[in-house]
Each structure stands twice: as C-alpha cells, then as structure tokens.
Amino acid sequence: MKRYLSQLFTALLIVMVSTSCKKSFLDQVPDDYIDEQEVFGSVANAELFINGCYANIGTWGYLNSSFYVSSAMTDEGKQRWVDGAIIFNNGAWNPTNFAPMSIEWTNNYASIRSINVFLSNYDKIPDDPNDPQRRSRLRGEALMLRAWYNFRLYRGWGKIPLLDKPLSPATDGEGVFVERSDLPVVIASINNDLDAAMAILPEKHTSASLWGRANKTICLAIKSRAALYFASVLSNPGNDLSRWQAAATISKQALDMALANNYTLTPKYEDAFLVYANSECIWGRSMGTTAIDQNLQPLGYQGWSNSGPIQDLVDDYEMKTGVPIKATGSGWDPKHPYRNRDPRFYSSILYPGARWKNRTVNIYGVDKDNAGAAGTNYWWRKYMTESVVLSTGAGASIKGWAIFRTGELYLNYAEAQNEAVGPDATVYSAINAIRKRAGMPDIPAGLNQTQMRSVIRHERRIELVMEDHRFWDVRRWKIAEVVDNRPVFGVDYTIAGATDTTFTYFQSQTRSFDASKHYLFPIPQAEMNKVKGKNPGFTQTPGW
C-alpha cells in the first residue's frame, strides 16, 4: 500500500503543478517510503491530494482529449481525421477497440480510488488554525467528486461496480471482484455522497481562489442531471412517473439555488462560452486561450479544421421567427439558406460565405479542406475567439468550459416537469427564459405534452450544442438508433452569374448504430480478462 500511495502521490503532484503550494514540498521527490502520515499529516498536503482528484472531471475535448470532441460522435459534427471518433461512428468499436471511450472507465475508477484513499485517511488530517472549515471542505469536495465520477460511469455503462474503499489492485485479489450494482443502487449511492457533501459545503464560495471547487450548488446540479438520466427511457423503460417527479423537484431546487447565488443567464448567449468564469457558469475549468481555436478553425485561418458541424444540425436551427425552415410559410430561401436564422446559429456555426476575421469564408479557396480528409464545409464558431491570430497568439483571451451552467438547469427542469405533470406555466417560463436570452420568440401556447417534449428536445439540441450533452441525450432518450444511424451530409455551392447561387448537399460519411448493444459501453476486455473464471457475478454489458 505504501508503494502504491507513493506512486499515486507522485503522479498527482505532476498533475497539480499549477496549484499554489509551498515550494519546499514540491521540491521533494517522494520515494517508496512515503506513508499516509506524511501525505495526510498536513492539511496543505491533503489539499494537494484532493486537487489531483479534479484531474478527470471533464474538459472541452472529449474525455480530456482535445482531439475527440463528443459532438463528432453524434448528430452534431464530424471528425475529419481517421481516429477513434470515426471507428465509433462506423460501428466498428468493441470491448477491445472502442477508443476513446475506454479511457473513461480507467480514468474515472482511478479518480474514485484516489478519493477513497483520501477518505480512508481523513481522520489523520489536522485542522487548519487559520481556516477552521478547510478540513471539512476537503471532505465535502471528495464526496462530491466521487459522486461525479460514479455518475460519469453510470451514464456510459449503466450498472457499475461501486467502490467505497481503496481496494488493492486486481493482482492482489480484490479490486475487480466487485459485482455491478443495479441502477437504483447506483443512483442512491451518488445521491448519498452528494447529500453528505451538501451538509458540509457552502452554497457558493465567496473567495475567487476557490472558483471551480465543489460547492452545494454544484452538488444539486449533479443531482439534477443524474435524476433526469435516471428518469429517462434508457434507465426507466417502464416510465415510472415518480422518477420524473423527483427529477423535477431536484431540478427546481438546483435552479432556485443557482439563481439565488447569482448564477444568472449571461446577457448574450456567446458570453456563456467566451467569457471566463462568467455569471452563468456553475462549475467549469479553464480552456486556455488558443487550443480549441487551433484545433477547430478553418485551414485558411491557420487552424487545423479538425471537426465541424453537419448539415442535419444546420437544418435544425429555426428561422428568426421561431418557425422550422421546412415548415410551410417559413420564409426560408434555399438560395440564401443562412439568412434570418436563430441568432444562436451565428454564434455557433461558421458557414460558406460567413464573414470571419474581416473576410468571407471561402470553401473553394484557402479554407478548402485537404483532399482525403474532407469535412462538411461547416466549422464551429462556438468557443472561437475572432480576434485571435493563431500564428502569434495575439488577441487571445482565456475561456472557460462549463461543465454545468444555468441554461442547462432551466432545460432540465422543463423536461422533468413536462414529463411529470405536462406543459404547465412553469415549463413555458423555463423554456422562454432560454429563448428570450437568445433573441427568439416565445414558444406557441397550447402545446400538449408530446409537442412540448419535441420543443424541449429541440432547445437542448440548439442551446447546448457542442457542450457534451447531445451524445448522452440521444442515448437516454433512445433515439440514437435513428439520429446516429444515417448518412452525414455537408454542403457545396455553385454560382451562376452575379447572384444565382445553388447549394447542393453531399454525403460525407455513413454511420452505423446497433440498438441491440450500442446504447451502453462494453467493459474493456482487459478488465473482463482479469475476472475470467474468478468472478461470475461481474458480467459484460448486455449485447457485448
């Protein structure tokens, strides 16, 4: 155990180089003789340990990788390069080869193990005489983080092993012999940790130095999302209404607490993802200044054009009047398909002919993708800083990735309340708050539950685009077998004369989704091999 703790602590110190701490301690090189007392005998060292437990909470790149955005693995976008996203989209993934999802299992359980080490040694940590709440705050952080990592595992695998102590590695005969718990048990465990954390943590930290650390509002936000997923058809095929009622109650509590603590909608939609530590961000982390711009901007702007939106997403943005583009009388003009659309379209997508950095995006000139790695001729505008010069970094500004923001809580509540009781006035109010901020008209009155369900799902698709929601939403709703099981299209255009432009749409990719198994991930084969013949209760995900 001492050797394991030494290796773990060394790794965490590497992760935590940006955390302020005593230089003399960081200059020490832990060896195989470090023990729990050395790590947890100091509250400062214990906080360093907890800092490392935040490493895998999530970031703008899919599963902590700047090259695997989850939007490219669903009906939001397409990845250009031959990588794990393409293997996933063509249905070729399996328990041995399903990158980049397999790292999710490894990273989340590594984080849970670290948290369990902390909790098992909590009694060794002394109080801080200058900050009497510091020690208990760290415990609250550990409990919230364990709940968050268990939720991330639940959303991918459903039934999961629940670990509440620092089990030894599989080679020592313990770690892989825990059976997968039923879904109600998993959700209860997540909620128990969150409730225990909320009893300790403040609703919001007042010190800017604690921004991004666990608090009670974040705990309720996690409970809201977990309750929504647990009530959805993937986890709730019998449509137990009590789950929707619980989700509505929890989501309302989360939204009310967020608003009471000034986690308010930003004045402009784009401020929610271009302004660091903005008012709407309940929990987030830094995205740096230029990394996402470098990855996603068009080639002609010195970006790598790594991923971009697909035509299905483009078509789902309504007209500015709130009417779908294909509805009779919408006013949509196929000769000018990008005019008069939902303002969020212009904040999220770069399209052929758009003005960007003082010139027009040109898909037949400098912005054309490399042959053999064709995109869709759309690029992400969301998260892009127009002023940045990628060759020098001039004009860049730090941006934040919102793991939870208030806009989601409005949508969580609207969905749960509509499913629990129907489209009452509070559902309309929540949806219209989102649309008003975006500059869109209120939704029509008199909708029935089914119609409101479609409206809410549309709003989630548009409002939360490229924020790591759609990938999971289409699974919990069990519509991935439709939306992720069809060709992906891009756009071309030809110009005849001075004004006559004809847009055509080409198939850019074919996708495959097998409803018999693809809704949940397989356990990595390496993990299954460890228990083969030893633990019959630890079974592979159904279908795999």
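Put simply, the side chain of Trp283 gets close to the backbone of Gly212: a donor and an acceptor are under 3.5 Å apart. No donor-acceptor distance shorter than 3.5 angstrom exists from the side chain of Trp105 to the backbone of Pro524, with no hydrogens or angles considered. Panel note: side chain Asn340, backbone Met319; no donor-acceptor pair is recorded below 3.5 Å. Using modelled atom types, no side-chain atom of Ser330 and backbone atom of Lys326 make a donor-acceptor pair closer than 3.5 Å. Side-chain atoms of Asp367 do not come within 3.5 Å of backbone N or O of Ile363 as any donor-acceptor pair. The closest donor-acceptor contact from the side chain of Ser387 to the backbone of Gly395 lies under 3.5 Å. Remark: side-chain polar atoms of Glu76 are not paired, donor with acceptor, to backbone N or O of Phe471 under 3.5 angstrom. Judged by distance alone, the side chain of Ser286 and the main-chain N or O of Gly288 form a donor-acceptor pair under 3.5 Å. Judged by distance alone, with hydrogens and angles left aside, the side-chain atoms of Arg381 form a donor-acceptor pair with the main-chain N or O of Met384 at under 3.5 Å. Judged purely by atom type and a 3.5 angstrom limit, Arg511 has no side-chain atom pairing as donor or acceptor with the backbone of Gly91.
Taking His205 as the reference, nothing meets the ring pair (Phe, Tyr, Trp, His ring centres under 6.0 Å) condition, with sequence neighbours excluded. The ring pair (Phe, Tyr, Trp, His ring centres under 6.0 Å) search around Phe489 returns none, not counting sequence neighbours. Here Asn215 pairs with Tyr263 under the side chain to side chain donor-acceptor pair (under 3.5 Å) rule; sequence neighbours left out. Listed by chain and residue number, nothing satisfies the side chain to side chain donor-acceptor pair (under 3.5 Å) test with Glu386 (two or more places apart in sequence, or in another chain). Residues forming a ring pair (Phe, Tyr, Trp, His ring centres under 6.0 Å) with Tyr505 (at least two apart in sequence, or on another chain): none. Looking at residues two or more places apart in sequence or on another chain, you find a ring pair (Phe, Tyr, Trp, His ring centres under 6.0 Å) between Tyr269 and Phe273. The side chain to side chain donor-acceptor pair (under 3.5 Å) search around Thr360 returns Arg355, not counting sequence neighbours. In this structure, the side chain to side chain donor-acceptor pair (under 3.5 Å) partners of Thr385, at least two apart in sequence or on a different chain, are Lys399. Here Asp484 pairs with Arg475 under the salt bridge (Lys or Arg N to Asp or Glu O under 4.0 Å) rule; sequence neighbours left out.
Counting only heavy atoms from C-beta outward, the side chains of Ile218 and Trp148 never approach each other to under 4.5 Å. A 4.5 Å side-chain heavy-atom check between Ile456 and Val427 finds at least one atom pair inside the cut-off. Contact of the Pro352 side chain with the Tyr378 side chain is registered, since non-hydrogen atoms from C-beta on lie closer than 4.5 Å. Put simply, the side chain of Ser508 reaches to within 4.5 Å of the side chain of Lys78, judged on heavy atoms. Using a 4.5 Å heavy-atom cutoff, the side chains of Ile112 and Leu153 are in contact. With contacts defined as side-chain heavy-atom distances shorter than 4.5 Å, the pair Cys53/Ser111 does not qualify. Counting heavy atoms from C-beta on, the side chains of Val275 and Thr266 never come closer than 4.5 Å. Leu138 is listed as a side-chain neighbour of Val43, based on a closest heavy-atom distance under 4.5 Å.
Taking the charged nitrogens against the carboxylate oxygens, Arg461 and Asp316 do have a contact shorter than 4.0 Å, which makes a salt bridge. Looking at Arg155 and Glu104, a side-chain N of the basic residue comes within less than 4.0 Å of a carboxylate O on the acidic one, giving a salt bridge. Salt bridge annotation for Asp342-Arg344: present, with a cationic side-chain nitrogen under 4.0 angstrom from a carboxylate oxygen.
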*Start with the C-alpha distance between Thr406 and Ile282, add both sets of side-chain angles, then the distance that settles side-chain contact (heavy atoms from CB on, under 4.5 Å), and finish with yes or no.*
CA-CA 7 Å; Thr406 307; Ile282 297 169; 4.0 Å; yes

*Stepwise, does the side-chain contact (heavy atoms from CB on, under 4.5 Å) test hold for Tyr149 with Asn56?*
CA-CA 8 Å; Tyr149 290 123; Asn56 293 317; 3.7 Å; yes

*Go through Tyr493 and Tyr364 one step at a time and tell me if the ring-ring contact (aromatic ring centres under 6.0 Å, His included) criterion holds.*
CA-CA 9 Å; Tyr493 64 85; Tyr364 294 114; 5.3 Å; yes

*Would Glu47 and Arg137 count as a side-chain contact (heavy atoms from CB on, under 4.5 Å) if you check the C-alpha gap in whole Å, the side-chain angles of each, and the deciding distance to 0.1 Å?*
CA-CA 10 Å; Glu47 184 154 353; Arg137 169 176 62 80; 3.3 Å; yes

*Walk me through it: do Met198 and Met144 pass the test side-chain contact (heavy atoms from CB on, under 4.5 Å)?*
CA-CA 8 Å; Met198 287 191 292; Met144 191 198 85; over 6 Å; no

*What do the steps show when you test Asn412 against Ser224 for side chain to side chain donor-acceptor pair (under 3.5 Å), and what is the final call?*
CA-CA 7 Å; Asn412 288 359; Ser224 168; 3.0 Å; yes

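Listed by first and then second residue, the salt bridge (charged side-chain N to carboxylate O under 4.0 Å, His left out) pairs involving residues 49-59 amount to none (not counting sequence neighbours). Residue pairs meeting the salt bridge (charged side-chain N to carboxylate O under 4.0 Å, His left out) criterion with at least one member in residues 265-274, sequence neighbours excluded, do not occur. Contacts classified as salt bridge (charged side-chain N to carboxylate O under 4.0 Å, His left out) and involving residues 428-442 (residues at least two apart or in different chains) are given here: Glu280-Arg437, Glu318-Arg435, Arg435-Glu459, Arg437-Glu463.
With hydrogens and angles left out, the side-chain atoms of Trp380 and Ser348 include no donor and acceptor closer than 3.5 Å. Checked by atom type, the side-chain pair Ser70/Asp468 shows a donor-acceptor distance below 3.5 Å.
The two residues Ala221 and Ala254 make their nearest non-hydrogen contact at N-CB, 4.1 Å. Taking each heavy atom of Asn261 and Met257 in turn, the nearest pair found is ND2-O, 2.9 Å.
Of the inter-residue distances, the one linking Arg405 atom CZ with Leu411 atom CG reads 8.0 Å to the nearest 0.5 angstrom. Within the model, atoms CG of Asp75 and CD1 of Ile479 stand 7.0 Å from one another, a figure rounded to the nearest 0.5 Å.
Annotation: cation-pi geometry satisfied between Arg341 and Phe345 (NZ/CZ under 6.0 angstrom from ring centroid, within 45° of ring axis). Arg457 forms a cation-pi arrangement with Trp477, by the criterion of a distance under 6.0 Å to the ring centre and an angle within 45° of the ring axis.
Counting non-hydrogen atoms of neighbouring residues, nucleotides and ligands closer than 6.0 angstrom, the NZ atom of Lys252 reaches no more than 12 such neighbours.
Note: Tyr229 and Phe151 meet the aromatic proximity criterion, with ring centroids under 6.0 Å apart. Taking the ring centroids of Tyr351 and Tyr338, they lie under the 6.0 Å cut-off.
Exactly one residue among Lys216, Arg213, Arg134 makes a salt bridge (Lys or Arg N to Asp or Glu O under 4.0 Å) with Glu141. That residue is Arg213.
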